[in-house]
Every structure is written in structure tokens, then in C-alpha cells.
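Written out below as C-alpha cells is the structure these notes cover.
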Amino acid sequence: MKIYNIIAELCSYIISSCSEDFFVKYSCISDGEKERVSKLVQTLGIEPFTEHNLTDSFYSSLEEFVCSLKKENDYFAMVGLLQILDENMGSLLKEKIREFQEDDFSVVLNSNREKTGIGLLPRCSCVWERKHRLSHSYNRLDNFLFNLLLLENSILGELIDKHFFIKKNLFTNFTETHSLKIAATPFCLERNFKVIPYDEDKVQYFKVTYPESDYTFYNNLVWKKICDAATSRSDIVVFPEMLGNPYMEEDICTRLKSLSYEEKQDIPSLIILPSYWEKDRNTVTILDKFGNIICRQAKQNPFRADINGKGYLEGIKSSFVVNIFHFEGIGRIAILICKDFLTTKYMEQLMRCFKLTLIIVPSFSTGSYDFLRSFDLCAHDDCNVVWINTCAALQKGKESNFENIGYVRKRISRTDDEAQMLCKMPICGEAFEGSCSHECIHYETIGAV
């Protein structure tokens, strides 16, 4: 639809022409200037958009009006026009969300992204996100847009974004409760893989291999955790990094598809399987409750490990693809595998570009300190974080790092007790004694603020 291309061109022009100082000043626009801009834009006769009133005549008038504003360098009127267009696109964009929910994945609304450097998507609301989120932290154009999600290629860089608008028949619990219940499990104490050091191009690397064996135990355990999460009516269940295997994805998909329709309704809407290391990729598979593979998220940033006192780099190659999940009321979810979350530039890049509202972090780590520090970077962005580690990463002498095996960092209201902001998942005492009951699963609920 042509309206999206016109808006993308206008956004691109404003961003390339205006400094941050302009957006600071525009946030305090005077009543007189508001009235002037409103009268200017009124000449276009803009009303809530439908597919029927977006005519060729309207497009012609809009393009001519934008041209006149550019000639006069009237940036206050340009941003004011964008705000009015954004406000009147609410119903149209909600319809687009419904359309996108029927697709396997979605592309941006405008067809001129490469030319303008701007991508546009419907912006799903979030029950814990402030309306004026980031307005005190970043001075930028999308502080003034609420129905459109503005994606800037200059922020995204070489990353490739794929978008999944979660189908309406998922997250049925959320529709009723306006809260999201998350199950996170450290899974098990045992390791089902081997770490192999090697040298290449003057650098020491390590790779992970999964020796041939019967993986029935691990697959059964994953299934048990999914069923436990279903019993507790969880919306999402997340497992740690590294503890997948070559047959897990197919096995769990088959089990889910064999359930009756009624049984599937209790299964968590999103299942984030343990990641699996294969062919220079460390990849998490994301399933829905019906046993469909929504997508696979590869780890982008390699971890540096100490092996026998020497540094070894995880031998993975970045796919540059980042998957973003959208759902009305929840906002936007991304999965950052372990080091991806600790790589501040990468993590902030995604938060800023997509206005993330929830980051899920599957991990295999010998400590939690760095993750706790990174949680704070998400706080002022109204972005909640779920981090889950595994007892399989426990090393002798580092027991103090494992007092808690996971955390949920969530936004709370001003009147809530600050202790509710960081929810701890304590490790069971058996882990330090080298035994594992395989029963551990933690639950936390994120709700409206």
C-alpha cells in the first residue's frame, strides 16, 4: 500500500535532516505551533484510514503537501503530519496484525526499505510498557509514533530481521489474564556433549560434539518439563543452552502433534528447546504448542572459554538473522543465547531497533554476575528479561556463582516493593553434592503495570 512508502520516505528525510536537538525541542512544542501545524494538516482532510479512503487523489494531495513542507524546511509540520498519520492508522494496522498472524513470517509494510533505510511494521502494544518509553533516554523520531514500529537500517547494521506475528490461537491464557506465565528449567546436571579444542588460523577454538548414544533419557526429560509447564498453565517454557541433541527437535514435534486438540490447549504457546551445536552453529529451535517449528535462532556472538588455563573461542559463525516475535499486549520478544545478551552493543542494538519488551536468555555459564549487570541495561527500556542457566555448567570451586540458577528481571509499578523487580530461581542443594533429581522447574508471571 502506497501510504507506507510515503511515510517511510518522510521518516527517512526527517531522520537524515534533523539533529537530536530538534527532537528534544519538538517534545516541548508550543501550543501556538501545535495549532499552526494542525491547521496546515487539516487541509488534507485526514480521517481514520481504511482501504477505501486511501485513494489516488489522497495520495497525490499528500505527496504534494510533503513536497511543500520540504521546500520550506518545515520540520515541525513534517513531524506533526507523521503523528497525525500514525494516529489515524490504528484500525488499519490492527487489521494488518490479523493478516500477519496468518502468515509463516512477515516482511515490512513498505516496499522501499532499501532505498529509504526505513522499515515499517504494526507496533503491538505491551501491558507493561510505558506509553512514552525511552522519551527521556533517546532523542529520536519514533518517540512520537505509537501505532507504527519504525525500523532504522542504520541501527540494525548488517543484521537481518525476520518477524513472526504469533497466531491468535496461541497465548489464549494471556488474552484472559493480561499476564504471561513463564516456566524456566535448568534441565539437568549431566552433560550430553563433549568440548573439542582445535587451532585454526592462529586462533584457538573449541567445538561441541554429541557422541552417538541413546538420547531417550534427555528427550523424555524435555517432554516431562513441557508437561509440567502445561499443568501449571505456563505460556512459555524455556530450556538452557547446549543440552539439545540430534533427535530432540523431531521427537518433541512428533509428541506434540500426537496430542488431541484439547490436550494441546494446555501446552505452553512457545517452547524454546535446549540449543544444539551443529555445523558451526549453536541454535535454539522455537516450537508452538501444536508441534510446528516457528523458527530457529542461531547464536551470533562466540563465547570465550578457559580450557586448562588457555583461552579458546567458540567456533561458531554468525547467521546475522535475528527473529522477533510480535503479539498484541505482549509486544516484541527476542531470544538472545548466552553471550549474545552479554554483548552489550548487540543487545542494545536489538532493543533500540525493535523496542523489545521481553528478552529470553538460554545460557550455559559458570556464573551469573555479568548477566545481572546486563539486566540493569534493560530496565529503563521497559524490557523484561528471563535468564535460565543450567546445573550442567557447574564447576568445582565456583559453587558460589550458582546460588541462583536463573532470574526474571521485570518492570514493576512505582507502588510495588522493589524486591519484586528481580525474581530469583534458587538452585537445589543436591546439585552441589553431584546428584540431580531432574525435578527443577521455576515459574514466574509478568503482568500489566
Side-chain angles (χ1 to χ4, degrees), residues 94 97-98 100-103 122-129 163-185 222-239 252-253 255-273 284-295 297 323-335 356-362 382-388 406-413 416 420-421 423 425 440-449:
K94 278 184 169 52
I97 289 173
R98 287 190 284 271
F100 284 169
Q101 286 174 335
E102 301 305 314
D103 298 334
R123 178 175 171 179
C124 290
S125 66
C126 177
V127 296
W128 59 79
E129 182 182 40
H163 299 273
F164 301 85
F165 283 76
I166 301 300
K167 296 185 186 301
K168 195 174 181 180
N169 61 350
L170 296 177
F171 289 125
T172 50
N173 294 340
F174 179 85
T175 304
E176 298 171 7
T177 65
H178 297 289
S179 62
L180 196 64
K181 188 170 185 179
I182 297 172
T185 173
V222 166
W223 182 246
K224 178 182 182 300
K225 301 294 186 184
I226 292 171
C227 293
D228 288 347
T231 301
S232 296
R233 298 201 72 192
S234 299
D235 299 293
I236 298 175
V237 59
V238 56
F239 293 85
I252 300 303
C253 284
R255 297 191 199 210
L256 288 168
K257 289 178 179 178
S258 69
L259 296 177
S260 68
Y261 178 80
E262 291 73 20
E263 289 171 324
K264 289 173 182 174
Q265 296 314 302
D266 291 331
I267 296 292
S269 301
L270 291 185
I271 299 165
I272 300 161
L273 292 178
V284 163
T285 299
I286 299 94
L287 309 176
D288 68 20
K289 65 169 69 177
F290 303 107
N292 303 309
I293 297 171
I294 299 177
C295 65
Q297 178 63 61
N323 301 291
I324 308 296
F325 306 93
H326 304 247
F327 194 84
E328 185 67 20
I330 296 174
R332 290 149 301 283
I333 306 172
I335 297 166
L356 297 179
T357 52
L358 178 61
I359 295 176
I360 296 175
V361 188
D382 294 349
C383 183
N384 293 333
V385 182
V386 177
W387 173 70
I388 186 65
Y407 293 93
V408 175
R409 174 67 163 81
K410 59 184 179 180
R411 181 176 175 243
I412 59 173
S413 74
D416 288 333
Q420 299 177 38
M421 192 179 298
C423 307
M425 304 179 195
C440 295
I441 187 165
H442 298 272
Y443 301 96
E444 192 54 55
T445 299
I446 299 171
V449 176

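In what follows, residues are counted from 1 in the order of the sequence shown. The figures that follow rest on heavy atoms only: side chains count, while hydrogens, waters and symmetry mates do not.
- Between L256 and N292, every side-chain heavy-atom pair lies at or beyond the 4.5 Å cut-off.
- Only one option out of I333, V361, V408, L180 pairs with V386 in a side chain to side chain contact (heavy atoms under 4.5 Å, CB included); it is V408.
- Side-chain contact between R123 and R332 is present, with heavy atoms from C-beta onward closer than 4.5 Å.
- Put simply, the residue from C126, C383, C124 that forms a side chain to side chain contact (heavy atoms under 4.5 Å, CB included) with T357 is C126.
- S232 approaches K181 most closely through the heavy-atom pair O-NZ, 2.9 Å.
- K225 contributes a side-chain N or O that, together with a main-chain N or O of C440, makes up a donor-acceptor pair within less than 3.5 Å.
- The line from CG of D382 to CG of L358 is 12.5 Å long, rounded to the nearest 0.5 Å.
- Ring geometry for H326 against F165 counts as parallel: the plane angle stays under 30°, on a 0 to 90° scale with 60° as the upper cut.
- The two atoms that bring A183 and Y443 nearest to each other are CB-CE2, 3.6 Å, heavy atoms only.
- Counting heavy atoms from C-beta on, the side chains of D228 and W223 never come closer than 4.5 Å.
- Atoms CG and CG, on N169 and D288 in that order, are 8.0 Å from each other to the nearest 0.5 Å.
- Between R411 and N384, some side-chain heavy-atom pair lies under the 4.5 Å cut-off.
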Review item, side-chain donor-acceptor pairs of residues 261-268, under 3.5 Å, at least two apart:
from	atom 1	to	atom 2	distance (Å)
E263	OE1	S260	N	2.9
E263	OE1	S260	OG	3.3
Q265	NE2	Y261	O	3.2

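- Here the options are L270, V284, I236, the test is side chain to side chain contact (heavy atoms under 4.5 Å, CB included), and the partner is I360; only I236 passes.
- To the nearest 0.5 Å, the span separating SG on C253 from CZ on F290 amounts to 13.5 Å.
- Side-chain atoms of Q297 come within 3.5 Å of backbone atoms of N323 as a donor-acceptor pair (strictly under, hydrogens ignored).
- The distance from atom CD1 of I446 to atom CH2 of W128, rounded to the nearest 0.5 Å, is 5.0 Å.
- Distance check: H442 NE2 to Y407 OH gives 11.0 Å after rounding to the nearest 0.5 Å.
- A distance of 8.5 Å separates OG1 of T185 from NZ of K224, quoted to the nearest 0.5 Å.
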Could you please spell out the steps behind the side-chain contact (heavy atoms from CB on, under 4.5 Å) verdict for I286 and F164? CA-CA 11 Å; I286 299 94; F164 301 85; over 6 Å; no
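- Of the N and O atoms on the side chains of S179 and T177, at least one donor lies less than 3.5 Å from an acceptor on the other residue.
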side-chain contact (heavy atoms from CB on, under 4.5 Å) between I330 and F325, intermediate numbers included: CA-CA 9 Å; I330 296 174; F325 306 93; over 6 Å; no
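- In this view, E444 and K410 satisfy the salt bridge (Lys or Arg N to Asp or Glu O under 4.0 Å) rule, not counting sequence neighbours.
- Remark: side-chain polar atoms of W387 are not paired, donor with acceptor, to backbone N or O of R409 under 3.5 angstrom.
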